[in-house]
There are 2 protein chains.
Amino acid sequence: MSGGIAPVGVSLKAIAHRAGVSLATVSNVINGYRPVGEATRQRVQQAIDELGYTPNLSARHLRRGRTGIIALAIPELNNPYFAELAGAAIREATRHGYTLLLDYTDGDRNKELLVSDGFRDQIIDGLILSPVQLDRQAVLNRTSSTPLVLVGESVYGVPYDHIAIDNLAASHMAVQHLVALGRTRIAFVGAHPDANREPAHLRLRGYREALAAAGLAFDESLVATTPHFGRGDGADGMERLLALPQPPDAIFAYNDLIAFGAMRTLSVRGLRVPEDVAVVGFDDVEEGRFSNPTLTTISPDKETIGRLAVDSLIARVEGRLTDPPREVQPPFVLVPRESTLGR
Amino acid sequence: MSGGIAPVGVSLKAIAHRAGVSLATVSNVINGYRPVGEATRQRVQQAIDELGYTPNLSARHLRRGRTGIIALAIPELNNPYFAELAGAAIREATRHGYTLLLDYTDGDRNKELLVSDGFRDQIIDGLILSPVQLDRQAVLNRTSSTPLVLVGESVYGVPYDHIAIDNLAASHMAVQHLVALGRTRIAFVGAHPDANREPAHLRLRGYREALAAAGLAFDESLVATTPHFGRGDGADGMERLLALPQPPDAIFAYNDLIAFGAMRTLSVRGLRVPEDVAVVGFDDVEEGRFSNPTLTTISPDKETIGRLAVDSLIARVEGRLTDPPREVQPPFVLVPRESTLGR
DNA sequence: TTGAAAGCGCTAACAG
DNA sequence: CTGTTAGCGCTTTCAA
């Protein structure tokens, strides 16, 4: 944030009048569109300071055809992963002089479509979208020409910049961690009911591949689907797994919230984490550093994801970037904590 | 969200031309500023539909002097309380056809001042502020004339609408709950170091009054101040309380995050919740329904707070509300869970 | 290096 | 009930 009070009514004209120059000159002092003589510049600057002038953004936007606003559309704010991502994006946007507007899709396909197809076009210069339900085809068919950057593991193979960690490798690492601890009945919680959707797919695929690599058989009954991706879903999924004839001895959760829900259920059922069941999450939200037990998890570099997404988008908006769309994979690490290592 | 694609370049003029009417008539069909004949209306509407027209907001805003955007400035998104509040506010703003912009102050006094003094004035019609550090005087001296609505327990006695639950009564209820369970050494975690600030003040005051009402002595060493209001602060505060010669047997936390931090410390130190130490939080964030143990807490009606704040603000913005500022106290309840009742 | 002026798209006052 | 038009504040082209 950088300040400056704007008494209503102080316009370019007022400054021009006060400084005894034309509108164009004042505009040039402000925007540097063409050079201005040093003496003139000083006089104009003084008038600006004295009157406390701030450009009227609506007018500027009308004229320029751009608004200085970009949107970040995420499924929900209640998932702290997105809250943290949004924080990073907002900081970066602000740094570039842009305002970032948050939109929620509730992970609802129709809302994702609406956003992608230009719901906010009148107000935004560009869009960062973290889709949940949107498929490749829908993105390809999108009807808006507003620059778009995708984040998250949902959609691949579309002509837009895409920022997401290597979900396959990350899932591998998570499962491998459990395998290394000697676990053999490793369950996956948080597969999407509609199994051929991409996002769960990648993490699920990583899970399967890692099992195979470890010589463990894939057991479909150990994959708990959930309608959403919150704590309640994790709790329910865990209940179902515990009802199995042979319950799991480890859980790889689609995300941290699901892991927290699962751990809650385990606690209620009198099972110890990690002694009876080890748990690994995905996202590394702050909660996992204070939960009982603390949560082992995949930690994507959220700061970098947010920053890169905003940078790419703004570069496209301003026409500075015209390369073909790029696929960027920010770093991630596995953070081992009590839910697998014990205390 | 309600949609409509806006191919760039479809203007009022285009519609007017297509429908064979004047600009004004099209505008009237859209805005209902004055009546339009039914036949004409139909023709215009058809042109609008066919061309997929959406008004250019920048132009409208320039003309109207309003932007249709309101801001909600909160300390941080990482506290799920604010995330939930923001969700409610966004829904309500959308319902009124407004866009809600989120701003973060980091609980930093300067940023709160900046926001309050009109940092976003060029872009917003009104502001909802949840101050942490801002004092009465700063609000009274504010230099912006943008309509303002305050939420939260921070500032009283200023000429703006204020939406906040009765913090005094809520704190009373929380402490009374602990007293009723037979606890006698009840600590308060999350007092602000600068003790004469209002927000912690009310909850702290409620705490003291409830102790007095219960015939319990106030022990200053049982008040743990914290620099911020996050999990880490709660964990640190708890450490300090446990180092006392006579540690507490109950905790009333300024908010849920602090309570989670405190419970984490208790767990690490091998103390049982609630057997050894009972814990009550404040905010009722979802996390507390899945934590181990689940958290007893004060549950403010966040939906109502968000809704009322937005409604009041928009009414002021649109000049529909010119009454003197009002103080509104939405309902709250105490939700007893395992952290005081046990399992 | 500077000025004059057109015009972005819209709303609302004025005129019929 | 409908049309004409001024002008919101700014950027940028054309002219000097």
Side-chain angles (χ1 to χ4, degrees), chain A residues 4 6-45 47-48 51-69 97 121-125 318-319, chain B residues 4 6-45 47-48 51-69 97 121-125 318-319:
Chain A
V8 175
V10 179
S11 66
L12 256 201
K13 203 157 100 184
I15 304 298
H17 184 74
R18 173 109 171 192
V21 297
S22 74
L23 290 185
T25 299
V26 180
S27 177
N28 285 324
V29 167
I30 293 167
N31 300 302
Y33 176 60
R34 25 175 229 194
V36 177
E38 190 46 35
T40 318
R41 145 164 281 114
Q42 299 238 338
R43 233 168 342 119
V44 170
Q45 190 57 55
I48 289 177
L51 270 54
Y53 170 73
T54 321
N56 177 312
L57 294 182
S58 293
R60 172 177 284 175
H61 298 158
L62 173 58
R63 184 54 226 240
R64 283 195 185 158
R66 285 206 256 124
T67 64
I69 301 177
D121 274 7
Q122 285 294 344
I123 225 179
I124 62 172
D125 296 336
E318 296 180 348
Chain B
V8 175
V10 180
S11 66
L12 256 200
K13 203 156 98 185
I15 304 296
H17 183 75
R18 174 108 170 193
V21 297
S22 74
L23 289 184
T25 299
V26 180
S27 176
N28 286 323
V29 167
I30 294 167
N31 300 302
Y33 175 60
R34 21 175 233 195
V36 177
E38 190 46 36
T40 318
R41 143 164 283 112
Q42 299 238 338
R43 228 162 354 109
V44 170
Q45 190 56 55
I48 289 176
L51 270 55
Y53 169 73
T54 321
N56 177 313
L57 294 182
S58 293
R60 173 178 283 175
H61 298 158
L62 173 58
R63 184 55 228 238
R64 280 193 184 158
R66 283 205 257 123
T67 63
I69 300 177
D121 273 8
Q122 285 295 346
I123 226 180
I124 63 172
D125 296 335
E318 297 179 349

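Both backbone and side-chain heavy atoms feed into the values below; hydrogens, waters and symmetry mates do not. Every chain is numbered from 1 and lettered A, B, ... according to where its sequence line falls, protein lines coming before strand lines.
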Where the side chain of A:T67 meets the backbone of A:I123, is there a donor-acceptor pair that is under 3.5 Å apart?
yes
Between A:H61 (NE2) and D:dG9 (C1'), how many Å, whole number?
12 Å
Does B:R43 have any side-chain hydrogen bond (donor to acceptor under 3.5 Å, both in side chains) partners at least two apart in sequence or in another chain, and if so, which?
none
Between B:A47 and B:R18, which heavy-atom pair has the shortest distance, and what is it?
CB-CG, 3.6 Å
What's the shortest heavy-atom distance between A:R66 and A:E318, and which atoms?
NH1-CG, 4.0 Å
Supply the atom-to-atom distance B:L62 CG to B:R60 CZ, rounded to the nearest 0.5 angstrom.
12.5 Å
Between C:dT2 and A:T40, is there an OP1 or OP2 to side-chain N/O distance shorter than 4.0 Å?
yes
CD1 of B:I15 versus P of C:dT11: gap in Å, rounded?
13 Å
Which nucleotides of nucleotides 10-16 of chain D have their base under 4.0 Å from a protein heavy atom (B), which only their sugar-phosphate (S), and which neither (-), written as one string 5' to 3'?
BBBBB--
